[in-house]
Structures are given as structure tokens and as C-alpha cells.
Amino acid sequence: MSRYRRVLTRIWEDEKFRALGDDGQRLFLYHLTSPRATPFLLYVEGPGSIGDALAMPSGRLRVA
């Protein structure tokens, strides 16, 4: 797993990203930067682990 990943700053100007709610944006950024992701953005964790990492209840995680 890589230590550094590139996240372009123009993400904040992207219409699709801005259309997401706060939880959606947070989940999206988690998927881009998670230390548990492989270089191909495959995850070795389930929704429960993601919810715990983000301190987000399962209902909010599903909506996000």
C-alpha cells in the first residue's frame, strides 16, 4: 500500500463531488485515501469497518 496518493485540488470544483452531501464527500475521500485500500482501490474491509473508521452509523453510511 502506498504511503502517498495524489488527490487533485480541483475535486472541490467538480459538480458531481459538490452535489454529494457532507457524508458522501467524506466517504468518497476515504475511498481515495484509505490506508486499507490496495493500489487498485480494492478494499479488505466491509461496511462495518468503514463506518467505524469514519465514526458514522450504518444508516448514515448507507445514505452516503
Close side-chain approach of Ile50 to His31, heavy-atom, < 4.5 Å: yes
Heavy-atom distance under 4.5 Å between the side chains of Thr33 and Phe28, does that happen here? no
Sorted by chain and number, sequence neighbours left out, ring pair (Phe, Tyr, Trp, His ring centres under 6.0 Å) with Tyr30 holds for none
Those residues that, when tested against Asp52, pass salt bridge (charged side-chain N to carboxylate O under 4.0 Å, His left out) (two or more places apart): none
Transitively linked via ILVMFWY side-chain contacts under 4.5 Å: Val63 with Met56? no
Is Phe17 reachable from Leu27 through a run of hydrophobic residues whose side-chain heavy atoms are each under 4.5 Å from the next? no
Can you list every side chain to side chain donor-acceptor pair (under 3.5 Å) pair that touches residues 7-25, not counting sequence neighbours? Asp23-Arg60
So, taking the atom named CZ in Arg6 and the one named CG in Leu32, what distance separates them when rounded to the nearest 0.5 Å? 13.5 Å
